[in-house]
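Computed from heavy atoms alone, side chains included, the values below leave out hydrogens, waters and symmetry copies.
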Amino acid sequence: MDDGDIKLDDAVPRDFPALRALIAARAPTLPRRLTQVASFALDNPDDIAFGTAASVAQRSGVQPSTLVRFSQALGYQGFSDLQEVFRARLRDRVPSYEERLKQLREHGGSSKSGLLLQGFADAAERSVADLRLKLDPETLDAAVEILAKAETIYLVGLRRSFPITSYMAYAMGKLGIRNLLVDGIAGLGAEQIGFISPRDAVLAISFTPYASETVNLAHAAKARHAKVVSITDSIFSPIAPIADTWLEIVEADFEGFRSMAATMALAMTLTVAVASRRGEK
């Protein structure tokens with residue numbers, strides 16, 4: 001598909017989840033510039049809703065005409081038509097936690113530490129609520145099936161994701177699930193993943209801006225014909241296209257610090273579900 005391959009469709013998505021699904025389905029065939037817009041739109045939906053064509057184009061690093069081509073490539077009449085879906089998302093969602101935090105600051109009803117606790121708790125609640133709303137049960141079952149069939153599960157998640165994989169290594173060990181935590185100590189990540197075989201599976205976890213070593217190790221596992229399950233935040237993540245199945249999580253943040261609550265909830269779910277599935281077999 002190139003920029004000129006445009007077909008307008010009266011039945012285009014009018015709700016944000018359906019639009020996300022459409023973008024994910026079209027992503028592999030979009031040209032580079034339109035892929036750039038798609039990635040920006042999914043990562044910054046509020047900017048699309050509130051911005052002008054000029055401001056969105058500037059922030060996403062494209063020309064305003066590219067926004068029009070992107071919108072029409074998805075079947076919309078133009079950028080303003082697409083923008084309505086992002087605005088509807090804001091109207092339909094649960095009352096803003098940001099507004100609650102703003103009120104707390106204005107009223108000064110909490111100490112600074114109490115305000116921080118409120119902020120981080122709210123971010124955790126939003127993250128978990130979003131996970132419940134968006135996670136496809138069939139995709140989750142597919143991930144469990146891959147991991148349950150693996151002889152050894154290799155756990156790869158460095159930097160910010162390391163607390164998740166290290167917890168899973170502990171929990172899987174307690175549940176009798178053979179696993180290997182790829183921790184990269186002494187720069188030996190490549191050697192650790194080098195033992196993986198087609199009988200095994202790797203669970204790779206990484207979020208924007210994506211730990212380069214996690215990406216490299218996941219690709220190395222794929223090259224050795226192991227199954228790959230990824231947990232990440234976008235179809236445009238470098239560990240999404242190589243995965244046999246991938247699970248999407250977009251964690252909320254407070255003052256720039258992202259929650260890990262939803263990722264931990266998913267990690268616990270996968271661990272216990274894999275143990276249960278193996279017990280059934």
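If you check the side chains of Arg69 and Thr66, you find a donor sitting under 3.5 Å from an acceptor. Using modelled atom types and a 3.5 Å distance limit, the side chains of Ser127 and Asp130 yield no donor-acceptor pair. Tyr210 and Asp233 are linked by a side-chain donor-acceptor pair at a separation below 3.5 angstrom, with hydrogens and angles left out of the test. Judged by distance alone, the side chains of Glu251 and Thr263 do bring a donor and an acceptor atom under 3.5 Å apart. The closest side-chain donor-acceptor pair between Ser55 and Thr52 falls under 3.5 angstrom. Side-chain contact of Thr214 with Ser206: a donor-acceptor pair under 3.5 Å is absent, judged by distance alone.
Hydrophobic clustering (side-chain heavy atoms under 4.5 Å, transitive across Ile, Leu, Val, Met, Phe, Trp, Tyr) groups Leu180 together with Ile164. Cluster annotation: Ile177 is connected to Ile231 through the hydrophobic network of ILVMFWY side chains, with a link wherever side-chain heavy atoms come within less than 4.5 Å. Taken together through direct or relayed side-chain contacts under 4.5 Å among Ile, Leu, Val, Met, Phe, Trp and Tyr, Ile23 and Leu82 form part of one hydrophobic cluster. The cluster map of Ile, Leu, Val, Met, Phe, Trp and Tyr, joined by side-chain heavy atoms under 4.5 Å apart, puts Leu270 and Val272 in different clusters. Cluster membership check: Ile239 does not share its hydrophobic cluster with Ile153, using side-chain heavy-atom separations under 4.5 Å among Ile, Leu, Val, Met, Phe, Trp and Tyr.
The pair Asp200-Arg224 does not meet the salt-bridge criterion, since no charged nitrogen lies less than 4.0 angstrom from a carboxylate oxygen. A salt bridge does not link Arg20 with Asp15: every distance from a Lys NZ or Arg NE/NH1/NH2 to an Asp or Glu carboxylate oxygen is 4.0 Å or more. Under 4.0 Å is where a charged nitrogen must lie from a carboxylate oxygen, and between Arg277 and Glu145 at least one such pair does.
The structure places CD of Glu84 at 13.5 Å from CD of Gln77, a figure rounded to the nearest 0.5 Å.
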Determine, stepwise, if the pair Arg14 / Asp81 fulfils salt bridge (charged side-chain N to carboxylate O under 4.0 Å, His left out). CA-CA 10 Å; Arg14 293 296 170 186; Asp81 189 22; 2.8 Å; yes
Q.
Apply side chain to side chain contact (heavy atoms under 4.5 Å, CB included) to residues Ile205 and Thr232 and explain how you reach the verdict.
A. CA-CA 6 Å; Ile205 307 176; Thr232 190; over 6 Å; no
